[in-house]
Amino acid sequence: MSVRLFNTLSGQQDEVTAADGDVLRMYACGPTVYDFGHIGNFRTFLQVDILRRTLKLTGMKLRHVMNITDVDDKIIRNATAAGIPIGEYTAKYTQAFLEDLASLQIEEPEILSRATEHIPEMTALVEKLAEAGAAYKTEDGSWYFRLAAFPEYGKLSKKDLEGMTDGARVDVDEYEKDSARDFALWKATKPGETSWETPIGPGRPGWHLECSAMAMKYLGESFDLHAGGEDLMFPHHENEIAQSESVTHKPFARHWFHVRFLLVDGRKMSKSEGNFFTLRDLLLKGYRASAIRLALISVPYRHQLNFTFDGLTEATNAIDRLRTFVERLKGATLAAGTTDELQAAAAKAEAEFVAALENDLNTAEARAPIFDLVRTVNAALDTGKVLAGDRERALEVLAKFDAVFAVVADNDAAPTAAALAWAEASGRMELVAPELLARQSITDAEIEGLIAERNNARKQRNFKRSDEIRDELAAKGVMIEDSREGVKWKRK
RNA sequence: GCACCGGUGGCGAAGUGGCUAACGCGCUGGUCUGCAAAAUCAGUAUUCGCGGGUUCAAUUCCCGCCCGGUGCUCCA
């Protein structure tokens, strides 16, 4: 049992291993908390979550660090515009980010580290780089990394520095750099900007620096795996490697995991295209958190995912099939014992599920055996061939599936309720879909009452009234099933 | 321009040098039901963008072309 993953650095599939033979040490680039997270962000975090959960499934222990970038140009700009300290500004979006992770059933890393709480670690790294001759200070007090000091630059993204044009873009505040490609480690204070008094002078950290400093603080100079979105490969991760390895002369991370960008309706998501969605946007349109999760994880991480509302609907329906199955199985009256066929079917599904995940996290392939098992057991249930021991085994396999996919257990009410509360509190009710409001407009007690009335109508064979009630409930997203065991209902 | 990725049924999406090309959603029909729903069964790609080539055999390998997308700049 071992997970094989594509490694950007080696360019091939490598087995994921813990160098210390015990705990896998991994670092994943987290969000810059200047706004609410969008589904593109979450596809990456979700795929890292799949990785996390798969590794745990195979018995690995984890020490996973994720940074929160709580100081950067956009944050300073927005906080200044809002007239509040950046700490206050970022606290709000950090909180929102953590809530969104919870909504999507994304496990929190063992360690969440904020950039602004690691300034000393960062300046110390700059000092070490300066000692090694890889960093220099310019006249305005900024510090830069000297690319020429790191010949291996480009080894991750397979870029050839020679072929890159020098000086194509130079920021106004970077005119003093030795080479246009040298990148900022530490930015000198500008008037009115947040800054820290430090041994290397006043200023604030460049973006890349925090990840090197924090990764090494919590994971050591060399660790097992580093994850992030594909866009970070260059230059961010390349810069992290340069900053770290110039000091340690050890491989920074052995395995690099990059998640492909998603598209929305076939285009890159952007605010100007009008195809930009935050998690809240989707919840308020009436989609459930689990469907968003499933839609974003069902396409393997190395492939481009085209996000559509049809895809969300499909995911919703697929989840319903699984949830209905689990309920049916749990509620069935079964005799004790096991059958060879169903035990074998469960074992096969379990083995294929795990094997697919171990094969570079092939989530699309991993789903298939689970649905196969559902069909097999449903069919057996129809003909009364399932025994209690078969049920236990099937539920065990479903639980294993959900330990990674986390969509069958229904945790959808809270995220939707929270999104609605947010919309109300922030005066954004126009974002709420009418269907969602309709669904919220009926209480469980009212539903039960209508169902009781419908049952009476049915007893009297007054099907007209019975169907009216069913339609009325359907309009409010309540689905009814008349089963042998009585009437069942569920909200959409 | 340079680099990279993809083009599989109505849609999404696996996969493999040679078993009936997974799985999900949808649709059509049967069973069940007062009717539905759920479930199940059957059908839904004689075929994997197009044209060549290699091979006993290619959707799978190679070449060319067409189409779509992405990166090369802040970005998950």
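Order of the sequence lines fixes the chain letters, A, B, ..., with proteins taken first and strands second; residue numbering starts at 1 for each chain.
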- Task: Determine whether A:Phe183 and A:Leu147 make a side-chain contact, defined as any pair of heavy atoms from C-beta on separated by less than 4.5 Å.
- Result: yes
- Query: Do the side chains of A:Glu446 and A:Lys476 get nearer than 4.5 Å, heavy atoms only?
  - Reply: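 No, too far: nothing below the 4.5 Å cut-off.
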Would you measure the distance from the [atom1] atom in [N] across to the matching atom in [M] and give it in whole Å?
N      : M      : atom1 : answer
B:rG71 : B:rG53 : C1'   : 32 Å
B:rG43 : B:rC23 : P     : 12 Å
B:rA22 : B:rU47 : C1'   : 15 Å
B:rG24 : B:rA38 : P     : 15 Å
B:rU16 : B:rA45 : P     : 23 Å

- Query: Got a donor-acceptor contact below 3.5 angstrom from the A:Arg280 side chain to the A:Ala419 backbone?
  - Reply: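 The answer is no, because no donor-acceptor pair under 3.5 Å joins these two groups.
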Just to be sure I understand the rule, does [X] reach a base, reach only the sugar-phosphate, or reach nothing, if contact means heavy atoms closer than 4.0 Å?
X        : value
A:Leu262 : base
A:Lys268 : base
A:Val299 : sugar-phosphate
A:Arg367 : sugar-phosphate
A:Gly311 : nothing
A:Pro300 : sugar-phosphate

Can [X] and [Y] be counted as having a side-chain donor-acceptor contact under 3.5 angstrom?
X        : Y        : value
A:Arg204 : A:Thr194 : no
A:Thr308 : A:Asn306 : no
A:Arg328 : A:Asn378 : yes

- Query: Which stems does RNA chain B form, counting runs of 3 or more consecutive Watson-Crick or G-U wobble pairs with both distances under 3.5 Å?
  - Reply: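 Looking at RNA chain B, the stems formed by three or more consecutive pairs are B:1-7 with B:66-72, B:10-12 with B:23-25, B:26-31 with B:39-44, B:49-53 with B:61-65.
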Phosphate OP1/OP2 of [N]: any [X] side-chain N/O under 4.0 Å:
X        : N      : result
A:His236 : B:rA76 : no
A:Asn317 : B:rG24 : no
A:Asn362 : B:rG15 : yes

So which heavy atom on [X] is nearest to which on [Y], and how close?
X        : Y        : value
A:Arg375 : A:Asp372 : NH2-OD1, 2.9 Å
A:Arg53  : A:Ala403 : NH1-O, 2.8 Å
A:Ala349 : A:Val397 : CB-CG1, 4.4 Å

- Item | hbond_proxy A:Lys74 side chain to B:rC75 base (donor-acceptor, 3.5 Å cutoff) | no
- Between the base of B:rG24 and the side chain of A:Glu314, is there a donor-acceptor distance below 3.5 Å? yes
Candidate nucleotides [options], ranked by approach to the side chain of [X] - the nearest:
X        : options                : answer
A:Gln304 : B:rA76, B:rA14, B:rU70 : B:rU70
A:Thr44  : B:rA76, B:rC75, B:rC25 : B:rA76
A:Leu263 : B:rC74, B:rA76, B:rU70 : B:rU70

- Message: Each nucleotide in nucleotides 31-41 of chain B should get exactly one letter: B, S or -. Can you fill that in based on protein heavy atoms under 4.0 Å?
- Response: -S-BBBBSSSS
- Message: Please determine whether side-chain hydrogen bond (donor to acceptor under 3.5 Å, both in side chains) holds for the pair A:Thr278 and A:Asp281, giving the CA-CA distance in whole Å, both sets of side-chain angles, and the decisive distance to 0.1 Å.
- Response: CA-CA 5 Å; A:Thr278 64; A:Asp281 290 336; 3.2 Å; yes
- Query: Quick one: on RNA chain B, does A:Ser298 or A:Thr313 contact a more 5' nucleotide (nearest heavy atom)?
  - Reply: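 Of the two residues, A:Ser298 wins.
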- Message: If you assign each of A:Pro235 and A:Asn306 to its closest nucleotide in RNA chain B, which residue comes earlier from the 5' end?
- Response: A:Asn306
- Task: In whole angstrom, give the distance that lies between atom CG of A:Leu294 and atom C1' of B:rC25.
- Result: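 These atoms are roughly 11 Å apart.
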- Query: Cationic tip of A:Arg302 within the cone over A:Phe6's six-membered ring, i.e. under 6.0 Å and within 45° of the normal?
  - Reply: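 Yes - A:Arg302 lies over the ring of A:Phe6, closer than 6.0 Å to its centre and within 45° of its axis.
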